[in-house]
Every structure is written in structure tokens, then in C-alpha cells.
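A quick write-up on the structure given underneath.
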Amino acid sequence: MSDKLIQPRVLKGFRDYLPSTMLVRERLMDTARRVFRSYGFSPIDTPALEYAEVLTGKGGEESDKQLFRFQDQGGRDVAMRFDLTVPLARFAALHASQLGLPFKRYHLGTVWRGENTQKGRYREFMQCDFDTIGTLSPGADLETLLVIHDLLVALGFERFTIRVNNRMVLNGLLAAQGLSDKTVGVLRSIDKLAKIGVEKVIEELVERVGLTTPQAEKVLSIARPEATLDDLDAALVDSELGRTGVERLRTLFDTATAAGIPRERLALDVSIARGLDYYTGTIFETFLNDLPGIGSICSGGRYDNLADLFTKEKLPGVGASLGLDRLLAAMEELNLLGDASTPAQILIAYFDANRLGDYHALARTLREAGFGVEVYPEAVKLGKQLQYADRKGHRIALIAGSQEFEQAAWQVKNLKLKTAEVVPAANLAAYLATSLQ
RNA sequence: GUGGAUAUAGCUCAGCUGGUUAGAGCGCCAGAUUGUGGUUCUGGAUGUCGCCGGUUCGAAUCCGGUUAUCCACCCCA
């Protein structure tokens, strides 16, 4: 053998997933799929690798810088997808004629960004996107909000806030004052509101963005967190665009409430900007109340011109993206991850060395009845097998030796409750079903 | 991409101004207990001190580089 070993390692920002993490990760994915499908979204998939020109140009300079980009073996200029929205635009432009509009799809996929890492920020991570394209209706905006809400609830969260904004509001305000060219700078500054406070933001708007003090104060009058829709209307008397945005927000809040979304989970927040330049209307960001610092775990919005680069056909859309791996990091931080590392709830002990066939016969019967069952592979002493079951997170251990086989019964040990009971083989499946509920 | 901090056993960390065989707690393994797990007791194993190089009689300790992680900026899921 070679005496020089290769160091086992992974790239910065890339990670291995152990069973205890992966079990949760797959459960989150299953939940997301279930919720998306329940609203009628259909699955699609697209390649991880695209022509670089497909991915550049739409997300802005920042995303171009973060692309993993290289030449393939045929000399083509290619890049790893940076998100799932731009590939959707390409996909929709390519297949528009077969899709039928409006088109609702979901897409769970890995994306890659060459940015610096931090907790909850990786270079490879999974996004769970859902979008509705081909309609300008406020109904689609509402449905997007409902999906975000129901998704979070289905994932087991209760304390979260969906912050809602509409890009027209700020754009309208700035346009009315001839400040349209300063939009990006203004957004960047007011995005820091929660971190650095009102005064610092005004300072920055004046010194770095170049607004006058009254203009900066006007911007802050609508961007501050306590602002209400009525405040917005008052500030936007001379901007039709801005008032349209406020009207959209009002409709969204009203219909969401009518549809049964608890009002305390929604917040108006004109300061959320979203970096990606393609959003044109409604914008969503979702924060966990118990861990806001990790950032938005589900973001999205309305983009009315996404496919413009690829087709002359008008393809507006609205949707959002769940950051599965960031959510996972948040759950780890909040101690919401279980420690089970097996998907099988039942372990059958290999107790009597001559009964291997009997143990596996029972395992197969129980699997047919829908249980996850593992048979311990070696006939080692019982204590060791139980310890294994305990550590792996099996909930039930089934044990049978000569005594049990004589009475056609199984000892059922509940590892969590530390109880044991002898159950006739005929009743076993029913007994397990109730105790595993 | 910019600035800063950190890197010692599976985990959390100690190791003072460089000095012989690098430590603790938890965990792990074995036994007490050859039909029963998380408690207790007894015993045991564990480390290229992130990696590469330099200074030195001598480096976990000092210096340089490198890689990774964390924090801030930027940005974002």
C-alpha cells in the first residue's frame, strides 16, 4: 500500500451530513414537498450546471462575483447555478409553449455560491423554491404568503414573523422626489435600520447616498418599523406608484387575515430590500422570533420581468424560497434536532443464536405492516444490543428467547419509557401500532 | 472580497514567561452482572498538539506561510 495517505477533507463551506442531521433534513424536504403539492405546485428539476451567460446578468454584480464558474472539457463557459429562480426563468422561456399559464412549480435543489462562510451561510446549500408564473394577480401574492406560513407551521414552528414589503412603495417615494437613481444606496442604508438605528441611517443617507436631511427624514418616516399603512399613504400623496404599492399591501394584509393567517405573524417592513434586483413588487422575508440573527429562512417576492433576458413573452412571477440548510443550522442552535440516528423505530434483538430465521421472519411481517424494523446483526449479549438500540434512537426493542418462543409471545421493551411487557405474537402488530403513535 | 479571533483526545477545554514520558471532565472500551440499556463501582485505551516551514541544544508554547472554523463588513437562504 501507499504510505502517503490522502487527507480526508472537504472544501470550505461544503459539508458532510451524518445520519442524525440527514434524517431531519429529509424530513424537512418531505414536509416542504407535501405543503407545495397540497397547493397544487408541481415538481420540476433543472441542471446544476448551466451556460454561464444564462446565469450572469440578471442577479446583479454581487451574484456574478459569487458564481462558481469554469470551462468544461469542451471549452464551454459554464457555471454552477446560484439560485433556482434564474434557472426557472430559462426553463419557462424554453418550455413556455408546453406549460400553460399560470404555471405553478416547486423545485428542491442544491445551489452554490462562492461567498465567505459564516454560521448558516455555506457555499453549497439547498433551496426549496415554489413560484407561480404567468399571472399578475394579487391572488398569487396572497397564495405565496399562505404557502410560506403553512410551510413554517408544518415544519413545526409557531414563533416566526413574515415581514412584508412592496418595492413600489419606496420606488414611488424616491421617484416623486427625483431620487430614482439613488434607490440602491437608499435600500442598502435602510436595510441596516434594525442594526444601527434611525440616526445612523439618516447620517448615512445624507453623507454617503447624497440625500438632503428632509429627504432622508421622509424616507425614514415610511421605513421605520412602527410605520402603518396609513402613514405610508400620507407620505405618498404625490406618488401614484407608491400609493399603488400601499394598496397592494393593504389588499395582501386584509386577504391574508380573511384567509386565517394570525396577524401577529405578519409585519409591514418597508426596510426589507432583498439584494436581488429582480424583485419589482411584493417582497417577503421570514425570521424566527427566537433566532432572528441567523437571517431570513424563507424569502421571496414578485418579479414582473424575470424571463425578459430569454424571451419576448411577458412572464411575471411570484414565489419564495426556503433555505433548508440555514433552517437546519437554526434548529441546531435552538436544540430542535432530535438525536435519533436511525429511521427504524423497532430493533429486534438477536438473542438466541439458533433463531436467526425467526427473528427475520418477524421483522419482515412487521415491515409489511408498515413498521421500520432492524434485526441486530450479531448474537452478542443482550445488554450490548439494548445499549446499541438506545444510542441509535430505536423506540422499541423486541426480545424473545426460549421462554417467549414456548408461549408464542414477544417481550416488548419500550426504551424511552423504560417499560417491558410480554405480548402474544398474534397481537403484536396492533400493540406496536398503539405504542408507537 | 476586506478586517479580526480561534485551531491541543470523539466532545468541552487546561497547559504560566519555550525545557524530560502533554493533562482534566464528559464520552468510549472491558469487567463487576454468561436472559435485559441510560445509575454505581473497578480497570483500560485514546493525541502526526490543524498542516508546512523557520528560529533554537530543545517548540503545543516564539516567527512566517497555509487550510478550516467563528465574528464583523459586504451580501444573503
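Fair warning: this is a prediction, and the values are worked out from it, not measured in the lab. Within every chain, numbering begins at 1; the chains are lettered A, B, ... in the order of the sequence lines, protein sequences first and strands thereafter.
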Evaluate the criterion salt bridge (Lys or Arg N to Asp or Glu O under 4.0 Å) for residue pair A/Glu226 and A/Arg224; output intermediate values, then yes/no. CA-CA 6 Å; A/Glu226 315 82 49; A/Arg224 62 178 218 276; 3.1 Å; yes
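- For A/Lys381, no side-chain nitrogen or oxygen approaches OP1 or OP2 of B/U36 to under 4.0 Å.
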Kindly express the pairing pattern of RNA chain B in dot-bracket notation, using | wherever a base pairs with another strand and counting only Watson-Crick or G-U pairs under 3.5 Å. (((((((..((((.....[...)))).(((((.......))))).....(((((..]....))))))))))))....
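- Following rounding to the nearest Å, A/Arg391 (CZ) and B/C29 (C1') show an atom-to-atom distance of 10 Å.
- Going from the C1' atom of B/U42 to that of B/U33 covers 13 Å, rounded to whole Å.
- Comparing the same atom, C1', in B/G58 and in B/U69 gives a spacing of 32 Å after rounding to whole Å.
- Counting non-hydrogen atoms under 4.0 angstrom, A/Asp352 reaches nothing in the nucleic acid.
- Rounded to whole angstrom, the span from the CD atom of A/Gln407 across to the C1' atom of B/G35 amounts to 13 Å.
- To the nearest whole angstrom, the two C1' atoms, one in B/A9 and one in B/C52, are 23 Å apart.
- A/Gly319 approaches A/Asp131 most closely through the heavy-atom pair CA-OD2, 3.3 Å.
- Taking atom CZ of A/Arg123 as the reference point, atom P of B/C76 lies 17 Å away to the nearest angstrom.
- Applying the 4.0 Å criterion to OP1 and OP2 of B/A72, one finds that A/Gln118 has a side-chain N or O inside that range.
- Within the 4.0 Å cut-off from OP1 or OP2 of B/C76, not a single side-chain nitrogen or oxygen of A/Ser299 is found.
- A gap of 11 Å separates the C1' atoms of B/U55 and B/G64, to the nearest Å.
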Give the table of side-chain donor-acceptor pairs shorter than 3.5 Å for residues 356-364 of chain A, with sequence neighbours excluded, one pair per line with atom names and distance.
unit_1   : atom_1 : unit_2   : atom_2 : d
A/Asp358 : OD2    : A/Arg355 : NH1    : 3.0
A/Tyr359 : OH     : A/Asp352 : N      : 2.9
A/Tyr359 : OH     : A/Ala400 : O      : 2.6

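- RNA chain B is contacted by A/Gly323, A/Arg326 of residues 315-332 of chain A, taking any non-hydrogen atom closer than 4.0 Å.
- Relative orientation of the A/Trp410 and A/Phe405 rings is perpendicular, given thresholds of 30° and 60° on the angle between their planes.
- To the nearest angstrom, P of B/U36 lies 16 Å from OH of A/Tyr376.
- Summary of the strand contacts: A/Arg188 and A/Thr117 both lie near RNA chain B, and taking for each the nucleotide with the nearest heavy atom, the more 5' one is attributed to A/Thr117.
- The C1' atoms of B/A72 and B/C26 are separated by 33 Å, rounded to the nearest whole Å.
- Residue contacts for A/Ser402: at a heavy-atom cut-off of 4.0 Å it reaches a base atom on one of the strands shown.
- Among the protein residues, A/Gly13 comes within range of the sugar-phosphate backbone only, with heavy atoms under 4.0 Å from sugar or phosphate atoms but none that close to a base.
- When distances are taken from the side chain of A/Leu415 to each of B/G37, B/C76, B/U36, the shortest belongs to B/G37.
- Spacing between B/U8 and B/G15 at atom P, rounded to whole Å, works out to 14 Å.
- Residue A/Arg9 contributes atom CZ, which lies 10 Å from atom P of B/U67 at whole-angstrom precision.
- For the residue pair A/Tyr388 and A/Lys392, a side-chain donor N or O sits within less than 3.5 Å of a side-chain acceptor on the partner.
- Salt bridge status for A/Arg90 with A/Glu50: present, with a side-chain N to carboxylate O gap under 4.0 Å.
- Looking at A/Arg248 and A/Asp141, no side-chain N of the basic residue comes within less than 4.0 Å of a carboxylate O on the acidic one, giving no salt bridge.
- Computed from coordinates, the A/Asn116 CG to B/U67 P distance equals 12 Å when rounded to whole Å.
- Among A/Gln345, A/Lys416, A/Glu374, the one residue that satisfies the side-chain hydrogen bond (donor to acceptor under 3.5 Å, both in side chains) test with A/His394 is A/Glu374.
- Contact check, A/Lys416 against B/G37: no side-chain N or O comes under 4.0 Å of OP1 or OP2.
- Heavy atoms of A/Leu11 sit nowhere under 4.0 angstrom from any nucleic acid atom.
- Listed for the A/Ser296 side chain is no donor-acceptor partner under 3.5 Å among the backbone atoms of A/Phe287.
- Distance A/Leu382 CG to B/U34 P: 12 Å, rounded to the nearest Å.
- Checked by distance alone, A/Glu404 brings a side-chain donor or acceptor within 3.5 Å of a matching partner on the base of B/G35.
- Side chain to side chain, A/Asn305 and A/Thr280 fail the donor-acceptor criterion of an N or O pair below 3.5 Å.
- Comparing atom distances between the A/Asp390 side chain and each of B/C71, B/G37, B/C74 picks out B/G37 as nearest.
- Residue-level contact check: A/Lys413 touches the bases, meaning some heavy atom is under 4.0 Å from a base atom.
- A/Glu115 comes within 4.0 angstrom of a base, heavy atoms only.
- For A/Lys119, the listed nucleotide lying nearest its side chain is B/C70; candidates were B/C74, B/C70, B/G35.
- Two rings, from A/Tyr106 and A/Phe130, have their centers 6.0 Å or more apart.
- No salt bridge links A/Asp30 with A/Arg27; every basic N to acidic carboxylate O contact stays at or beyond 4.0 Å.
- Rounded to the nearest Å, the gap between the C1' atom of B/C73 and that of B/C13 is 31 Å.
- When heavy atoms are screened at a 4.0 angstrom cut-off, A/Tyr388 is found touching no nucleic acid atom at all.
- With rounding to whole Å, A/Trp410 atom CH2 is found 18 Å from B/U36 atom P.
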